[in-house]
Amino acid sequence: MSDAIDTPAAASPPPLPPLQASADWQPLPLRAAGIAALAGAITGTLLIGGVFGTAWVLLELPLRWLGVAGMLVLGALIGAAVGFRRQRRTFWRLDAQGLGVRRELMWEQETRVPISRVQHLDLRRGPIERSARLATLVVHTAGSRFSAVTLSGLDGEDAERLRDTLAHQLDRDDDAL
């Protein structure tokens with residue numbers, strides 16, 4: 001006989017509600033964030049590190065070259081952090097109405113592309129994107145303002161699926177006219 005007392009199983013707490021409006025938003029792959037961090041580090045080194053390093057020399061601050069090196073490293077770190085965070089805070093979703101892209105860095109920006117506005121679709125893959133199995137989807141839209149929506153850092157298979165799905169929906173809508 002067991003000494004354990006038969007008690008009803010402890011009721012598990014109710015599941016947390018899904019995050020507001022992000023349950024079906026898809027994040028970009030982590031490998032895209034690594035590439036964005038590298039690009040951000042290069043940009044940060046040139047812009048932030050270059051400006052502050054030049055100022056360090058022109059102001060004749062102590063430890064001139066050590067200070068310049070420190071500013072270049074600081075610029076690279078800031079740029080890498082911004083690039084990584086920007087890519088990790090970019091989401092996409094495809095629904096019956098069209099494509100949605102959401103970017104959340106300091107300000108939230110959400111772009112919706114209705115199927116009826118899509119003119120044509122492009123997939124771009126540079127050498128670095130190809131090596132990481134990534135792609136950039138360009139959705140060209142009707143109208144002159146913001147006539148294209150670009151989503152870089154997509155998984156290659158997701159990009160092809162998005163392109164084919166949007167093109168199929170577009171063809172189906174054209175046939176209905």
Shortest non-hydrogen contact between [X] and [Y], atoms and distance:
| X | Y | value |
| --- | --- | --- |
| Val68 | Gly53 | CG2-O, 3.5 Å |
| Arg112 | Arg93 | NH1-NE, 3.9 Å |
| Ala135 | Leu123 | CB-CD2, 4.4 Å |
| Thr45 | Leu72 | O-CD2, 3.6 Å |
| Trp65 | Val57 | CZ3-CG2, 4.2 Å |
| Asp122 | His140 | OD2-NE2, 2.7 Å |

Main chain of [Y], side chain of [X]: is a donor-acceptor contact present, judged purely on distance under 3.5 Å?
| X | Y | result |
| --- | --- | --- |
| Thr165 | Leu162 | no |
| Arg117 | Ala142 | yes |
| Gln87 | Arg31 | no |
| Thr141 | Ser147 | yes |
| Trp56 | Pro62 | yes |

Are [X] and [Y] in one and the same hydrophobic cluster, where Ile, Leu, Val, Met, Phe, Trp and Tyr link if side-chain heavy atoms are under 4.5 Å apart?
| X | Y | result |
| --- | --- | --- |
| Leu94 | Leu151 | yes |
| Val138 | Leu154 | no |
| Leu137 | Leu134 | no |
| Val73 | Leu38 | no |
| Met71 | Leu66 | no |

- prompt: Are the charged groups of Arg161 and Asp155 less than 4.0 angstrom apart, N to O?
  reply: no
message: Within a 6.0 Å radius of atom CZ on Arg86, are there more than 12 heavy atoms belonging to other residues, nucleotides or ligands?
response: no
